[in-house]
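Encoded as structure tokens, the structure appears first; notes follow it.
Computed from heavy atoms alone, side chains included, the values below leave out hydrogens, waters and symmetry copies.
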Amino acid sequence: MSSPTDPRQTAGCLKVSSKSSPASVAGAIAGMIKDGVFVEIQAVGAGAVNQAVKAIAISRGFLSPIGIELVCAPSFADIVIDGEYRTAIRFSVEPRYSHGVPIDESLQSASRSTAD
């Protein structure tokens, strides 16, 4: 997670179920990453993990044409659902910029060079 002085924003978890639409989750991931928000995705069960992984793969397709690659780190999380302890898989999704600069800064420098 980011430190208090880190300008990146953090968000709550996107909770994905086996019935979640991977395309819809992918759109949410891409939108949050474009806004500079790091995403955490939480899934409980094989079907939910499957949908989450598909959503991450689809969101890579949305973001890579604009120079943003995604880095994903899976981890376990112990959670309580209806009074029962369950183990969730949590995916931390962060951007890696192909040009080493966040998209906003690269767009600003591109617009400056065309204005000259």
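- Tracing side-chain contacts under 4.5 Å through hydrophobic residues (I, L, V, M, F, W, Y), one never reaches L14 starting from V44; they form parts of separate clusters.
- The side chain to side chain contact (heavy atoms under 4.5 Å, CB included) test applied to V53 returns V49, F91, not counting sequence neighbours.
- What you find for F38 and P95 is that their closest heavy atoms are CE1-CD, 3.5 Å.
- Screening residues 76-92 for salt bridge (charged side-chain N to carboxylate O under 4.0 Å, His left out), with sequence neighbours left out, gives E40-R90.
- Residues forming a side chain to side chain donor-acceptor pair (under 3.5 Å) with S21 (at least two apart in sequence, or on another chain): S24.
- In this structure, the side chain to side chain contact (heavy atoms under 4.5 Å, CB included) partners of L63, at least two apart in sequence or on a different chain, are A30, I33, K34, I66, I68, L70.
- Hydrophobic clustering (side-chain heavy atoms under 4.5 Å, transitive across Ile, Leu, Val, Met, Phe, Trp, Tyr) keeps I79 apart from V39.
- Although no hydrogens or angles enter the test, the distance criterion places a donor-acceptor pair under 3.5 Å between the side chain of Q51 and the main chain of S20.
- For residues 49-64, the salt bridge (charged side-chain N to carboxylate O under 4.0 Å, His left out) pairs, not counting sequence neighbours, are R60-E69.
- Summarising the geometry of A55 relative to A26, their closest heavy-atom pair is O-CB, 3.3 Å, with the distance given to 0.1 Å.
- Summarising the hydrophobic clusters (Ile, Leu, Val, Met, Phe, Trp, Tyr; side-chain heavy atoms under 4.5 Å, direct or chained), the residues clustered with Y85 are V80.
- Here the closest heavy-atom approach between residue P65 and residue G61 is recorded as CD-O, 3.2 Å.
- The side-chain heavy atoms of F76 and I89, taken from C-beta on, include a pair separated by under 4.5 Å.
- The shortest non-hydrogen separation linking A23 to I58 is N-CD1, 4.1 Å.
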